[in-house]
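Down below is the structure, laid out as structure tokens.
The chains referred to below are lettered A, B, ... by the order of the sequence lines, with proteins before strands, and numbering in each begins at 1. Remember, predicted model here, so these are calculated numbers, not experimental data.
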Amino acid sequence: MQDIADITPLVASLNPAQKEAVTAPPEHRLVLAGAGSGKTRVLVHRIAWLITVENVSPLSVLAVTFTNKAASEMRGRIEQLITVPIRSMWVGTFHGIAHRMLRLHWKEAGLVQNFQILDADDQVRLVKRVLKALDMSDEQWPPKAVTHWINAQKEEARRPQHMSDLGDYTQRQYVRVYTAYEEACTKSGVVDFAELLLRAFEITRDNPEIQAHYRRRFRHVLVDEFQDTNTLQYAWLKVLAGDTGTMFAVGDDDQSIYSWRGARVENMVRLEKDFPGTEVIRLEQNYRSTGTILKAANGLISKNTNRLGKNLWTDGGDGEQIQLYASYNEYDEAEFVANRARELLDGRCRYSDLAILYRSNAQSRVLEEILIRARIPYRIYGGLRFFERQEIKDALAYLRLLHNRDDDTSFERTVNTPARGIGATTMEKLREISRASGVSLWMAAKNASSQLGRSAGNMGQFLKLIDDLHAETRDLPLSKATELLIARTGLRDHYRKEKGEQAEARLENLDELISAARSFEVDPGAASAAENPDEPVLDPLTAFLTHAALESGEEQAGPGEDCVQLMTLHAAKGLEFPVVFIVGVENGLFPSARAIDEGNLEEERRLFYVGITRARRKLYLSYAEVRRVHGVEQIGAPSMFLKEVPAECVSETRPRAGILRPGFGAREPQSGYGGGYRGAGSGGGYGGSAAGRPLPRTVVAGSSGLGPGGFRLGQRVEHPKFGEGTILSFDGDGDRAQIEVKFRDAGTKRLVLGFANLRGL
DNA sequence: CTTATTGGGCTTTTT
DNA sequence: GCCCAATAAG
């Protein structure tokens with residue numbers, strides 16, 4: 001029996017709804033947790049409650065998240081809350097848990113014991129090679145699209161052998177690639193991300209012992225970000241829980257922003273049907289944002305239909321109005337952000353209190369440029385991550401090849417990196433041999449070196465290098481082995497010779513890899529402490545490679561200290577900042593042109609909702625009247641979503657009245673915006689003009705888009721040779737003035753205006 | 001085989 | 001406008 005004192009810290013700090021969720025009897029629950037309503041808190045406290053009050057063993061708990069970050073945060077917070085050791089508890093990502101099962105049951109899953117994981121990049125490369133082997137052209141069958149199709153099939157748990165031929169040629173070809181791709185994976189002993197989930201699902205569904213074992217074990221299944229589960233993940237959860245396990249799912253349909261990668265919000269409704277007795281608990285009290293920000297968010301999201309329904313509230317104050325800034329262009333917009341940032345930083349803000357959110361990554365470039373000039377330190381999230389870097393993947397491919405010679409993906413990557421005289425022709429020959437004899441590239445190279453002509457010697461050296469390295473490293477600790485490999489394969493010299501500061505960074509990354517390997521070396525003292533049949537024992541190399549595949553690591557850009565945070569709206573989900581700037585709030589950008597085209601506005605609206613609710617105290621929105629998109633200046637209109645934000649929440653700022661908008665493309669921003677309208681952001685403007693009413697325009701009639709030669713942007717023109725077209729942009733002035741025209745038949749051309757002989761239509 | 005050049009493409013992203 | 005990948009030239 002637990003005494004009262006034990007449970008106080010578990011519930012004392014919770015509001016009634018949170019308390020209801022945490023202390024609910026062990027039955028199915030769906031927690032609709034609004035933004036900033038303490039979702040993670042409820043999940044963590046629920047697990048702690050089950051263990052300390054309901055006397056549930058940590059072994060009986062399965063807690064699933066989407067990201068490694070969320071999983072480790074959850075584990076850490078539970079550990080802080082209770083004294084019971086939870087080392088044996090399965091807390092992890094869908095993929096991490098699937099992987100764990102497959103390591104334990106590799107035989108039943110039909111895998112080889114030392115299977116490796118293919119990342120998204122590797123997968124596309126492999127699909128590409130399969131396409132080539134099937135004589136299907138890259139053009140007609142874009143590898144990325146084919147890969148996407150294969151993954152979509154896997155997410156619906158469809159195997160090629162189950163797919164009926166509907167007499168559709170395209171379908172037939174797709175199935176052909178899918179089949180060949182699967183064979184290639186099996187032959188190489190690799191699985192892609194979707195395959196991890198699919199195999200784990202299949203053994204849980206089809207293997208009675210495995211099913212019984214996990215159902216007996218996992219009495220409590222808890223899922224975070226439930227609105228992001230895809231069909232396969234849901235099916236797996238269902239088959240895991242069976243009718244003995246209880247589901248505790250936490251999610252927010254209003255924050256469903258990943259339907260394009262397979263997430264199915266409908267799973268929230270299905271849960272209620274599939275798990276009888278599921279009670280829904282709503283968390284609507286928000287602890288993050290001001291009343292004004294919540295009002296804006298609520299107003300916006302109420303325009304969506306098919307919501308499960310929720311209204312955020314706070315018992316805090318209204319706070320400040322949301323500032324909306326109408327900028328001339330993206331440089332002016334960035335200046336506005338930098339100016340406001342500087343003002344805030346003079347006050348009580350640290351750099352890291354500020355976040356700049358945008359719809360697409362391309363928008364970060366201009367912001368970066370301006371922030372550098374303003375000497376404001378920043379950090380961009382969402383670049384290349386550590387284990388995705390070229391040099392790191394090179395080194396890892398060698399490690400994988402040492403581990404398994406039949407790993408063709410790694411063979412292809414390493415064989416001529418660094419260059420050792422094994423070119424495309426040789427590899428083409430080798431692939432043909434391997435295809436014909438049905439063996440891996442490695443075996444083919446071993447057996448048929450005589451058929452490789454002039455490169456046979458080089459190939460022989462490569463094979464020997466791998467064999468020698470294997471012998472030399474087999475008894476070394478992993479970090480030493482990695483170090484030796486990087487030196488002996490010539491990778492280090494290869495990158496040393498590369499010029500530029502990039503090379504420097506690459507060498508540092510290789511060193512970083514060596515020290516990362518060190519943390520996977522077995523520590524003989526701690527290892528055998530608790531041998532659990534439910535914990536796979538991985539050799540250091542496998543553990544290291546798995547870590548690299550499943551946790552691609554923090555992205556390395558910039559110093560980790562006090563910085564302004566730049567990221568996409570998608571990347572911001574789950575985070576919060578005292579001050580948030582959302583830039584580029586324009587039709588065509590946000591909502592994106594494609595979303596408008598396809599009528600997918602609800603998800604874009606949710607994305608805006610996510611963005612707004614990231615802000616604690618201050619929120620700035622901005623849009624540009626003109627923006628360069630894919631190198632072409634485009635006139636934008638404020639986002640349709642702005643009209644949906646209650647007018648009283650917003651006050652609008654404009655560049656100082658009376659200053660004309662600069663002529664389109666008359667000057668490049670560097671020189672153009674420096675003089676004319678610098679400091680526009682801090683200028684007076686006129687507040688109070690609420691979003692929703694027509695926005696006053698400072699444009700002087702007729703000046704809009706007027707370029708050299710009297711032509712206007714978007715004007716229809718005729719060229720003696722190219723025919724009719726539309727003006728896309730102007731560049732420069734005087735004799736050198738250029739004009740970019742999109743012709744109806746001749747494509748887009750850049751012409752010198754003086755010679756173009758254009759006639760306006 | 002390496003290096004320079006051209007051409008296409010282009011939301012969002014975790015594992 | 002920028003980045004990648006596929007081609008052409010060295």
Under a 3.5 Å threshold, yes or no: a donor from one side chain and an acceptor from the other, between A/Y495 and A/N509? no
Select one nucleotide: of B/dT15, B/dT12, B/dT11, the one nearest the side-chain heavy atoms of A/S592. B/dT11
Nearest listed nucleotide, side chain of A/W260, among B/dT13, B/dC10, B/dT15: B/dT13
Side chain to side chain contact (heavy atoms under 4.5 Å, CB included) evaluation trace for A/D192 with A/Y181: CA-CA 11 Å; A/D192 59 53; A/Y181 168 74; 2.7 Å; yes
Given the P atoms of C/dC4 and B/dT13, what is the spacing between them in whole Å? 16 Å
Compute the ring centroids of A/W260 and A/H570, then answer whether they are less than 6.0 Å apart. yes
At 4.0 Å (heavy atoms only), tell me whether A/K573 reaches a base, stays on the sugar-phosphate, or touches nothing. nothing
Nearest-nucleotide comparison on DNA chain B, the residue closer to the 5′ end among A/H630 and A/L550: A/H630
When you measure from the side chain of A/K128, which nucleotide among B/dT15, B/dT11, C/dA6 comes out closest? C/dA6
How long is the line joining CG of A/N230 and C1' of B/dT14, in whole Å? 11 Å
Could you give the CZ-to-P distance, from A/R605 to B/dT11, as a whole number of Å? 21 Å
Could you please name the option among B/dT12, B/dT15, B/dT11 that lies closest to any side-chain atom of A/T568? B/dT12
Can you tell me if A/F66 is stacked onto the base of B/dT15, using a 5.5 Å centroid cut-off and an angle below 30°? no
Please classify the nucleic acid contact of A/D228 as base, sugar-phosphate, or nothing, using heavy-atom distances under 4.0 Å. nothing
Taking only N and O in the side chain of A/R359, is any of them less than 4.0 Å away from OP1 or OP2 of B/dT12? no
When all nucleic acid strands are considered with a 4.0 Å heavy-atom cut-off, which category describes A/N361: base, sugar-phosphate, or nothing? sugar-phosphate
Is A/N68 near enough to B/dT15 that one of its side-chain N or O atoms lies under 4.0 angstrom from OP1 or OP2? yes
Centroid separation under 6.0 Å, is that true for the rings of A/H95 and A/F66? no
Rounded to whole angstrom units, what separation is found between the NE2 atom of A/H99 and the P atom of B/dT14? 20 Å
Residue A/H570, side-chain heavy atoms: nucleotide from B/dT12, C/dA5, B/dC1 that is nearest: B/dT12
Check the distance between B/dT15's P and A/D121's CG and give it to me in whole angstrom. 16 Å
Find the distance A/L589:CG to B/dT12:P and express it as a whole number of Å. 11 Å
Lys NZ or Arg CZ of A/R159 over A/Y178 ring: under 6.0 Å, within 45°: no
Between B/dT14 (P) and A/F226 (CZ): distance, integer Å: 21 Å
Pick base, sugar-phosphate or nothing for A/E604, based on heavy-atom distances below 4.0 Å to the nucleic acid. base
Between B/dG7 atom P and A/D138 atom CG, what is the distance in whole Å? 19 Å
Kindly indicate whether a cation-pi arrangement holds for A/R605 with A/F608, taking the cut-offs as under 6.0 Å to the six-membered ring centre and within 45° of the axis. no
Please pick, from B/dT11, C/dA5, C/dG1, the nucleotide with the shortest atom-to-atom distance to any side-chain atom of A/R628. C/dG1
In whole Å, what is the span from the CG atom of A/L569 to the P atom of B/dT11? 16 Å
How is A/A120 classified with respect to the nucleic acid when contacts are heavy atoms under 4.0 Å: base, sugar-phosphate, or nothing? base
Just compare B/dT14, B/dC10, B/dT15 and give me whichever is closest to any side-chain atom of A/R261. B/dT14
Aromatic ring centroids of A/Y609 and A/F641 under 6.0 Å? no
When you get a sec, tell me which of B/dT13, C/dC2, B/dT15 is the closest nucleotide to the side chain of A/R385? B/dT15
So A/I422, base contact, sugar-phosphate only, or nothing? Heavy-atom distance under 4.0 Å. sugar-phosphate
